[in-house]
Amino acid sequence: MTNENEDQSNIKPKHFIQEAIDEDLKSGRFKRIHTRFPPEPNGYPHIGHAKAISINFEIAKEYGGLCNLRFDDTNPLAEETEYVNAIKEDIRWLGYDWEDREYYASDYFEQLYEYAVKLIKDGKAYVDSLSAEEMSEYRGPWNKPGKNSPYRGRSVEENLDLFERMRKGEFADGTHTLRAKIDMASPNMNLRDPAMYRILKAHHHRTGDAWCIYPTYDWAHGEGDSIEGISHSLCSMEFENHRLLYDWFVEQLGIHHPRQMEFSRLNLTCTVMSKRRLVKLVQDRHVRGWDDPRMPTLRGMRRRGYTPEAIRHLCEIAGVTKTPSTLQMSVLENCLREDLNKRVLRKMAVLHPLRVVIENYPEGKVEELDAVNNPEDAGAGTRKIPFSRVIYIEQDDFMQHPPKEFFRLAPEREVRLRYAYFIQCNRVIQDRQGNITELRCTYDPETRGGQAPDGRKVKATIHWVSADHAVDAEVRLYDNLFSKEDPDDFPEGKDFIVNLNPKSLEILKNCKLELSLASATVGERFQFERLGYFCVDPDSSAQRLVFNRTVTLRDTWAKTRKG
RNA sequence: UGGGGUGUGGUGUAACGGUAGCACGCCGGCCUUUGGAGCCGUUAGUGAAGGUUCAAAUCCUUCCACCCCAGCCA
């Protein structure tokens, strides 16, 4: 039982769409809330789409309403069944469910045709026979009114006849269009007699060859919303200019009138979101494909190891506003770490192995040491890890001539091997080029488990893997795809490709993992202690494990090292 | 150039005429068998100029900046 005055600070403020919905419910404009997510099946969803998905589904949930999935498939030239499947898969992965409400704009083609006939009969639509170029000329520029098409005055009968023959396929592509008769002088370009149908003798992914005229977005979208009984049609800001037209169509038809509201899209630093740019990255092989772990596509992020929870949380904290904005990648990374830290098992893995021989440890001896699976979750328990005379540590964890802020292993210095013993470095072995190839150390048998009975402290704890028990693996390290926060900030005469981060992918082939990782399965996520979060890539086989680094741990040492 | 929209610390977001708050980042400290996590603290903001008011991020006026629109794309 909570007291209403108890803690006002925990009440989440409502965004402008929620406030509008509250009013609409209060005024009786709508009795219940029904939203929809309306993707065009012409590409793979990315994190920007995740925001639209989450807004629509979350609002429906919050108000006890429903959210439909509706494919906006009015352009057969761009759309494919492969994409509808991909979109469904990604929405489900994000954690949203449209139940049996999977609709298609193409479900409404017949109804739309009848609506169009009604508008023609009412004298509100006409068949135009201007070419695309002519139509553009007649439309005029922003600051001057357009001119009426010479065909604007056709009789209802002639329009009806022509429109029917358009449907029958009597005319070639592009020879006629059906246009709404609104106002060629409107300052809003969308109202200058917008096209409603174009002739397109193209195969549609669902209706096949049944149609050779296809409705435009403006003509189909609001009507689809209306047919489905949508209350709030939420879309991104670029459709704000279309709202007058949206309203005009449903008003003329006298059908259920949903309320369109616009919010600004989600942008992220160091990546690109536009379809055109994403296609270029894939086509020109700057990435391996749509599911490349560096891509902002949901399949890319999934492969990288992102959790749906982290993505949903990002959408939540990004907020819903009309302000154009770009979130910093660190916000996403923080959402991810927050989520992964709580639930993921810790393992030890050495990415850049440096061989260490513990000279006073008996040859052939193996001990099983206890390690904590997740310090954030006592229920995750412990595991045994093998320790022996030869181990690998991270190359970065040793410095021959350490600066004073470095407190890992160095000559004559003692550190703790996590969950094992204190070791001290006695000798550095180098090859002819001066590369450090091996360390000779001694351990203190009294420090088993990591504590010295004499109370002696060490300044660092480092991770390690027993050489004889190590699992070999490939690890792929990812960094931002673009090195510039804004990839579109490029010199004149160049394009965004110049801002690609040359170090966005680094492949390590000789990594040593703790034994228990041998049975890891594709998609499983772990924290490699002191390094970051990693997940098993589908490229893994029984012979060879492949891990992706999802995100690093926060690394304050790396920061002081640079600064 | 016409229309539509948006301006709050570096970034994102609160405030609905009454103490400019939160998150990420940054910087510093505590703690630590992960230089992780956690905890504490610092820094920094109302696009500009006028006006109304006891009081303005909020209301009014003017200006400035940025985004969207001239597809038979969505």
Side-chain angles (χ1 to χ4, degrees), chain A residues 9 12-13 15 19 38-40 42 72-75 77-79 128 130-132 135-137 139-146 173-179 186-192 194-200 213-214 216-218 220-221 235-244 262 264 266 269 275 317-335 337-338 341-342 346 348 371-372 375-376 405-408 416-420 422 449-451 458-463 485 527-532 552-561 563:
Chain A
S9 62
K12 236 195 298 172
H15 55 68
E19 284 176 349
E40 182 187 18
N42 71 341
D72 220 331
D73 55 351
T74 57
N75 181 4
L77 268 19
E79 296 144 7
D128 199 359
L130 249 26
S131 69
M135 204 187 276
S136 176
E137 278 174 42
R139 186 158 32 233
W142 290 319
N143 54 347
K144 276 195 254 119
D173 285 13
T175 51
H176 304 278
T177 53
L178 184 74
R179 292 230 256 168
S186 174
N188 182 333
M189 300 300 276
N190 297 121
L191 265 25
R192 320 248 267 218
M196 295 168 64
Y197 280 96
R198 68 279 211 186
I199 300 173
L200 236 39
I213 56 172
Y214 290 94
T216 58
Y217 165 86
D218 283 311
H221 198 89
C235 59
S236 43
M237 290 301 294
E238 65 267 30
F239 294 104
E240 191 152 34
N241 293 326
H242 295 244
R243 192 174 58 229
L244 246 48
E262 313 81 18
S264 65
L266 174 70
T269 57
K275 174 91 190 294
I317 65 183
V320 181
T321 66
K322 296 170 88 79
T323 321
S325 62
T326 304
L327 271 186
Q328 291 181 333
M329 197 55 98
S330 63
V331 181
L332 210 207
E333 290 178 347
N334 188 66
C335 290
R337 293 189 184 109
E338 202 176 294
N341 176 49
K342 284 182 301 205
R346 314 288 129 124
M348 290 208 281
V372 173
E376 303 295 316
E405 321 82 58
F406 183 88
F407 36 85
R408 277 110 96 149
R416 171 167 41 230
L417 294 177
R418 175 138 242 228
Y419 301 126
F422 287 7
Q451 299 287 349
V458 288
K459 286 192 78 176
T461 301
I462 65 174
H463 62 275
E485 283 216 334
Q527 184 195 101
F528 291 173
E529 292 214 32
R530 303 209 305 132
L531 298 174
T552 62
L553 251 27
R554 258 212 215 93
D555 189 350
T556 51
W557 161 242
K559 239 181 273 169
T560 70
R561 197 222 245 112

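Basis for what follows: all heavy atoms, side chains included, without hydrogens, waters or symmetry-related copies. Lettering of chains follows the sequences in order, A, B, ..., and the numbering in each one begins at 1.
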With a non-hydrogen cut-off below 4.0 angstrom, is [X] in contact with a base, only sugar-phosphate, or nothing?
X: A:Y197; result: nothing
X: A:A132; result: base
X: A:L191; result: nothing
X: A:R416; result: base
X: A:M196; result: nothing
X: A:R192; result: nothing
X: A:E333; result: nothing
X: A:S186; result: nothing
X: A:E137; result: nothing
X: A:F239; result: base
X: A:L553; result: base
X: A:T326; result: sugar-phosphate
X: A:E405; result: base
X: A:P141; result: base

Handout entry: Complementary nucleotide of B:rU61, counting Watson-Crick and G-U pairs under 3.5 Å
Key =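 Check on B:rU61: paired to B:rA49, both distances under 3.5 Å.
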
Practice task
Determine which nucleotide pairs with B:rG21, using a 3.5 Å limit on both distances of a Watson-Crick or G-U wobble pair.
Solution key: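 Pair assignment: B:rG21 / B:rU13.
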
Please state whether the base of [N] and the side chain of [X] form at least one donor-acceptor pair under 3.5 Å?
X: A:E485; N: B:rU11; value: no
X: A:N241; N: B:rC68; value: yes
X: A:R198; N: B:rG71; value: no
X: A:H242; N: B:rA74; value: yes
X: A:E19; N: B:rC16; value: yes

Practice task
Determine the interatomic distance between P on B:rC59 and the same-named atom on B:rG41; round to the nearest Å.
Solution key: 34 Å

Practice task
Could you give the distance separating B:rC16 and B:rC73 at their P atoms, to the nearest angstrom?
Solution key: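 My reading of the P atoms in B:rC73 and B:rC16 gives 47 Å.
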
Practice task
Measure the distance between the ring centre of A:W142 and the centre of the six-membered base ring of B:rC69, then answer whether it is under 5.5 Å with planes under 30°.
Solution key: yes

Handout entry: ring centroid sep under 5.5 Å plus plane angle under 30, A:W557 with B:rG35
Key =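 Yes, A:W557 stacks on the base of B:rG35.
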
Handout entry: Spatial distance of atom CD (A:E262) from atom SG (A:C235) [nearest 0.5 Å]
Key =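 The CD atom of A:E262 sits 5.0 Å away from the SG atom of A:C235.
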
Handout entry: Value in whole Å for how far the P atom of B:rA23 lies from CD1 of A:I317
Key = 11 Å

Problem - Atom pair distance, as rounded to whole Å: NZ in A:K559 and P in B:rC24 - result: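 To the nearest whole Å, that distance equals 12 Å.
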
Practice task
Before giving the answer on side-chain contact (heavy atoms from CB on, under 4.5 Å), spell out for A:R530 and A:R418 the whole-Å C-alpha distance, their side-chain angles and the decisive distance to 0.1 Å.
Solution key: CA-CA 11 Å; A:R530 303 209 305 132; A:R418 175 138 242 228; over 6 Å; no

Completion exercise
Comparing nearest nucleotides in RNA chain B, the 5'-proximal residue of the pair A:E376, A:G319 is A:G319

Exercise for the section: Between A:F407 and A:D73, just flag the one whose closest nucleotide in RNA chain B comes earlier from the 5' side. Expected result: A:F407

Exercise for the section: Using modelled atom types only, decide if a donor and an acceptor are shared between the side chain of A:T461 and the backbone of A:R416 within a distance under 3.5 Å. Expected result: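 It does not hold such a pair.
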
Practice task
Quick one: classify the glycosidic conformation of B:rG9 as syn or anti, with syn meaning within 90° of 0.
Solution key: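 Anti.
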
Problem - Closest contact, heavy atoms only, A:R408 versus A:I462 - result: CG-CG2, 3.8 Å

